[in-house]
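Worksheet for the structure shown next.
What you see below is based on every heavy atom in this structure, not just the backbone, and it leaves out hydrogens, waters and symmetry mates. For clarity, every value in this text was computed on a predicted model and none was experimentally measured. Whatever order the structure lists ligands and atoms in, that order sets their numbers, starting from 1.
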Amino acid sequence: MIEVKNINKRFHDKKTGDFYALNDVSFTVSDGEIFGLLGPNGAGKTTLLRILSTIMEQSDGMVIVNGFDSKKKPEDVKRSIGFLSGNTKLYKKLTPLETMRFFGSFYGIGKEVMENRIEHIIDSLDMNDFKDRIIEKLSTGQVQKTSIARCMIHDPQIYILDEPTLGLDILTSRTIIDFIKGEKEKGKTIIFSTHYMEEADTLCDRIGLIHQGSLIQTGTIDELKEKTGKSNIRDIFLYYIDQQGFLDSGVVSNAI
Ligand SMILES: Nc1ncnc2c1ncn2[C@@H]1O[C@H](COP(=O)(O)OP(=O)(O)O)[C@@H](O)[C@H]1O
Ligand SMILES: [Mg+2]
């Protein structure tokens, strides 16, 4: 479970003063749920997911991940999660297989358990063709699959995925989406961010709409359709932006 209670993230700029990248954000993600965070560029998605992953600290408020307070027990949070970010680091001279064994060794996983996990990951992310090729020779989609594999090797209970399918072709995206669905079936909790509306529609139990640092709405897609009278997430999003008086539709509708 993830509990986010009234968090702010304040950045200071010498010229312009304080800037709130997150503004009083609260929500929960229940065990076994897929929660999608939707919002245009600059909305605060990456900042929020970094805070959940303890890469960054919130300025105010509280975050509890898997029962651990992110400020007091960051190591316990880290062990509970797999975090995929846009700049997940990989060693270019290692193969995907070596990458998984290398990162897996940090967690003290027994050899047999580790090899079983690796087999499961290779199979479900369709990595057989390139598992023995060094990373510098892989395509973007193959590198992204390897980044996901690297984050999942310790079999975390919670996945935090920042735009896992950004810039990928539809087949690679589909494999990743099917992988996320499969992990949910195993009882994992998943929070991910995306720009892609259809992806959220097929994948999420609940979504959160984020804009200019505020979480403007959360709910199931059906609930939000009913509340707004709109038939798709894109229109739902624009409806709430209008409601909030944020209308800047040129920017928002291009990004979403
Ligand atoms: N380290 C930082 N210092 C100052 N401002 C930042 C920093 N990181 C992010 N921001 C700002 O916070 C806002 C939200 O950014 P981000 O979380 O990356 O949005 P998203 O992932 O939704 O595109 C943006 O205006 C961005 O410029
Ligand atoms: Mg981002």
Side-chain angles (χ1 to χ4, degrees), residues 2 4-27 29 34-63 65 70-71 74 77 81-90 140-141 143-144 147-148 151 158-168 172-173 176-177 180 190-200 203-204 206-218 233-234 236-238 240-241 244-256:
I2 300 171
V4 175
K5 294 179 188 167
N6 307 105
I7 66 166
N8 291 325
K9 180 65 192 179
R10 201 167 37 246
F11 290 115
H12 187 72
D13 185 282
K14 282 199 182 110
K15 284 185 195 143
T16 53
D18 280 351
F19 163 75
Y20 281 79
L22 294 174
N23 204 336
D24 198 22
V25 171
S26 300
F27 65 101
V29 183
I34 302 185
F35 185 88
L37 203 54
L38 295 175
N41 282 329
K45 302 181 297 297
T46 297
T47 303
L48 177 54
L49 297 183
R50 279 194 185 139
I51 290 171
L52 298 184
S53 310
T54 75
I55 304 298
M56 188 184 265
E57 282 194 353
Q58 67 272 29
S59 309
D60 309 289
M62 194 195 273
V63 177
V65 177
S70 65
K71 281 194 177 175
V77 172
I81 63 166
F83 177 45
L84 175 80
S85 76
N87 50 12
T88 298
K89 296 283 185 298
L90 298 172
T140 310
V143 170
Q144 182 72 338
S147 296
I148 294 173
C151 302
I158 296 175
Y159 292 171
I160 299 174
L161 310 172
D162 194 9
E163 309 226 28
T165 60
L166 183 66
L168 301 181
T172 309
S173 298
I176 291 174
I177 286 167
I180 295 173
I190 296 142
I191 178 166
F192 78 104
S193 64
T194 186
H195 276 83
Y196 304 124
M197 296 289 139
E198 319 80 64
E199 199 169 281
L203 201 51
C204 298
R206 282 193 309 130
I207 57 171
L209 306 177
I210 185 167
H211 184 54
Q212 295 181 352
S214 297
L215 191 65
I216 55 181
Q217 198 64 223
T218 58
I233 304 182
R234 188 192 161 93
I236 290 172
F237 193 92
L238 293 171
Y240 282 116
I241 301 286
Q244 302 268 321
F246 278 134
L247 187 59
D248 186 9
S249 57
V251 178
V252 173
S253 57
N254 286 340
I256 288 286

Can you list, by chain and residue number, every protein residue with a non-hydrogen atom closer than 4.0 Å to ligand 1? Phe11, Phe19, Ala21, Pro40, Asn41, Gly42, Ala43, Gly44, Lys45, Thr46, Thr47
Using the side-chain contact (heavy atoms from CB on, under 4.5 Å) rule, pick out the option among Leu38, Thr47, Leu37 that qualifies with Ile210. Leu37
Does a salt bridge link Arg10 with Asp60, judged by any charged N lying under 4.0 Å from a carboxylate O? yes
Going by the angle between their ring planes, with limits at 30° and 60°, are Phe11 and Phe19 parallel, tilted or perpendicular? parallel
Any donor and acceptor pair, going by atom type alone, linking the side chain of Lys5 with main-chain N or O of Val25 inside 3.5 Å? no
Using 2.8 Å as the cut-off, note every protein N, O or S atom close to the Mg ion (ligand 2). Thr46 OG1
Would you mind telling me which of Leu161, Ile177, Thr165 makes a side-chain contact (heavy atoms from CB on, under 4.5 Å) with Phe192? Leu161
Thr46 meets the side-chain hydrogen bond (donor to acceptor under 3.5 Å, both in side chains) criterion, sequence neighbours left out, with Asp162
Using side-chain heavy atoms (C-beta onward) and a distance below 4.5 Å, is Phe27 in contact with Val29? yes
Those residues at least two apart in sequence (or on a different chain) that pass side-chain hydrogen bond (donor to acceptor under 3.5 Å, both in side chains) with Thr218 are none
For Glu199 and Thr194, test the side chains for any donor-to-acceptor distance below 3.5 angstrom and give the result as yes or no. yes
